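Report on the structure given below.
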Amino acid sequence: MRYWSIYGKGDIHEKNCNKLTALLLTIVLSVVNLLLLPAGVTASAAVSVATNQPMQSWSAPIKAGGTSYTLHLWVSDDRMGEWQANAVYHRGNMHFICYELTNDSTGKLANDINFEAKAVIYNPNGIISHQMTYSSEYSYHDDYGTDVSAARNYIGHTAEMLGKWKGTVSVTGDVYVETTVYWDVTIPYVNLHVWSSDQKMGDPYGGNSDPFSLGQRAYLCYELTDLDNGRRLDGKVGGYTVLMRMIDPDGKEYSSDVYTEKTGFNEGFSLAYTSISKEMHKTGQWTGIVTMTGDIDIELTVSWLVTDGTVTPVIPSEPSDTNFIWGQDNWSFDNSSNYYTYGYYINSKMLYKLGGDFGLTNVERELLQKNMGDDMQKSFGGACFGITISEILAKNGKLDLTRYDADKVVNRNENTEDMLSLTNFVFEMQNIPCMNQIARNTSVNRILDTRTQDEFIRTLESAVCTGDGLINLIFGMTNSQGQTSGLHSILAYGAEKGSWSYYFNGSTHYYDRRILIADPNYLSQNYLLDDACLYYRSDDYSWMLPAYCYGNTYCYWDASFGSNEKYGFIRNVLKHTGMKNYTDLMVDTPSSVYLPGLAILNSSQENPCIRTIEGTGNDSLGDSGRIEPYFNTDASGELHDWYAYGLGNPTASYELYDDTAPASFETIMDYEDVVYISEVDNTTNVYFSPKGQIELKGKNLTYDFSIITNKERCVTDWFKLQVRGKGGNNMLCAISPDGYVLRGDDLHDVDLFACNTTHYAYLTFSTNYKNVLVYEISPTNIGVAADTDNDGKYETVIAEGETLSIGAGDVNADRLINASDAALVLIAAARLGAGTDPGLTEVQAENANVNGDQLINATDAAIILIYAAAVGAGREVGDIRDFTPQ
């Protein structure tokens, strides 16, 4: 069963914020919960502690004749129950005051005198909620079988109010005595358990090992218990509403019910435990959601499998191409530089179409452009992710190839510039924030620490044998020293029984199952390559990928290794339903929960640290000290020599620092709607805020940083502001309602660059003021003003800029003129020299012809590089054509 859970406490109203914080808390403790609780889904809260403990009291001895008597009074959660020092009492539960009047000489109940005992319960307003008077004339068994009398009795009442309650017992007659107790009534801390069953409140049912059959009735069940004492809430606890929903495999609501404290329940059920049911009319993965709102605010999701009656996974004895058809669903070219002649090049036509079709945000577009620019400078190292995901999306109807002037059948499209651009675009998409959630969820969800490789194979086996069966499998190879030597993305589409053996590393490995693989490295032959499949044993799930076991490269796991992964490992089992939508089948955190991340691309120090800034959020990975990085690779699949952090709290600010010496950092910090790209030398601390603020601490800084915002956060027509300079001290830049506040101890020779989708503005300014406003004069011009009279208004204009429209030199239309444009000019020039199409649109060709001689050649590329260098050096530049050699 798949599920995710959060911790719940009564009286939570800031639902969005608290749910995410609670979600991160449950990740750490979920393994313990699963060991202690029945199968299904469980959420709970930390044990509560009452502010004032319930009391017990004794009166002073009172004499009647020559005999002394003592009155003992206490609070309990049961009739004549025992007093417990750490008990917690909740609104809606029955609370009891119990008493005993005893003879001090004998220690027995005071049945030897005549008296009346009056017991009274007062609510927090001082009003009597319940009272009873008992006479010494009788002794009896109550309706619950408890021995009671005037000398030993109780009264109880359902506590409907929060606050301090009071109980008194007064004895009159042969003796006169009274004593009092107090106790606090609070909102309950609860433990919610949700599961699917084949009967009302029955045992958990519906997983991969015992799926429901088509037409069978399934029950969505829940039980609410008191976390403090483990008892099932009796249904009298109020103040919350329950919504139960059953969602079919198409995502449509199939059944729902709402329960309140006024709802009439069937016999044996209550607001604390009930179920809903429906006959399962579709095969696939069903979802049940239980949502509680009000004093108890918590939501849990559980899923179950419905099949056509056969037990899954169904593993055939012959290969099956139902989910993936060779010669139709595979590209006809391989993940090789033999086909990717121009590496990571993406032509403008595909860039514009794909960017629009996938609905890229400002942040995604900007990071995509940066990744493309970086990768264009590298030799081709593979596009396995792009090849795999584009095949999956095309097969599932999420990528219409005909829109890009291609044949709708994948295999009919050769490695044309358009198709290579398409797979490169999808490949680059793995580095935008939404796709980085894969790595961050893997990192932040600590439950993965306990999962061994056999669990990955079990999940993979089940996934490829159900539903559409197309899975993106990411695995890692190691060398003989156990060091990771690369990651690879492949498409898994089915499973098969058989008998296979492979000799490697000094022994023969035997397997009776295999996962069918369409490996991007082996597509052009148009048939299944045996060595590229993943082989495993059905008894212990030991596995091997033979194609990646050679020489000093290892990619296999044996059950005898335990949790040791030094000979290779599987990292992710992913199901993609869209370019920006996926399910990580090994992580219980939904991809819709955004986790921010910090990548330190180039640090001068060996031990950079990242920590949460106190008071801005509670990060479950630690409030201070170093947060452990998650594992990542660059675009070529090679290991980074930098750190990448999955951060747990999207509302927290974070500090990057090195406590040994001032450092140089090149970073990308992304929240959901704002991203910071920065390079800084000689800094002690770098601060990032989700509210649009970056701060660089240190003296004599060299800095280059950008703030990029999505549409919802933009305060001007620009979505990017870049700030560069040298010699500054303690720099800060923050989004304000009027623009961007820039603060620093030395604001001299500061370069500003702002851009939108059509224009950019550039300005260099100097001022002795330490606090200025960067503002928008118009959508195409930039200004800087200072607050000279300290009235909070920036009224004194320091500088205004000139607009530079996109045109000559900006070949890729990314609003920048840099080495990426020069590279495209050189590619086009080489193609023209070979007598082929340059691969440029009409507008691109016009922009590439920088010097206006109607030729596209190395001279144009040289002008672009000279111009870009001048901009980078902070020189005042005009039209790029002014840089044409005379």
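Count residues from 1 along the sequence. These numbers were taken from a predicted model, which means no experiment stands behind them. The basis for the numbers below is simple: all heavy atoms, side chains too, and nothing from hydrogens, waters or symmetry mates.
Looking only at atom types and distance, the side chain of Asp357 has a donor-acceptor partner in the side chain of Tyr404 under 3.5 Å away. In this structure, a donor-acceptor pair under 3.5 Å is present between the side chains of Asn347 and Asp418. One side chain, Asn521 or Asn335, offers a donor N or O that lies under 3.5 Å from an acceptor on the other. Residues Ser390 and Trp331 bring a donor and an acceptor atom of their side chains to less than 3.5 Å of each other. A donor and an acceptor atom, one from each side chain of Tyr342 and Arg831, are located under 3.5 Å apart. For the residue pair Glu666/Ser678, the side-chain donor-acceptor check at 3.5 Å is not satisfied.
Within the structure, salt bridge (Lys or Arg N to Asp or Glu O under 4.0 Å) contacts touching residues 681-708 (residues at least two apart or in different chains) are Glu695-Lys697.
In this structure Tyr676 satisfies the ring-ring contact (aromatic ring centres under 6.0 Å, His included) test together with Phe688, sequence neighbours excluded. Residues passing the ring-ring contact (aromatic ring centres under 6.0 Å, His included) test with Tyr775: none are found, sequence neighbours excluded.
Of the candidates Asp745, Thr684, Thr683, Asn730 forms a side-chain hydrogen bond (donor to acceptor under 3.5 Å, both in side chains) with just one, namely Asp745. None of Ile817, Asp860, Asn851 except one satisfies the side-chain contact (heavy atoms from CB on, under 4.5 Å) rule with Ile880; the exception is Ile817.
Proximity of Val797 to Val784: side-chain heavy atoms (C-beta onward) are nowhere separated by under 4.5 Å. Between Ile864 and Val850 the shortest side-chain heavy-atom distance falls below 4.5 Å.
Around the CD atom of Glu414, the shell of radius 6.0 Å holds no more than 12 heavy atoms that belong to other residues, nucleotides or ligands.
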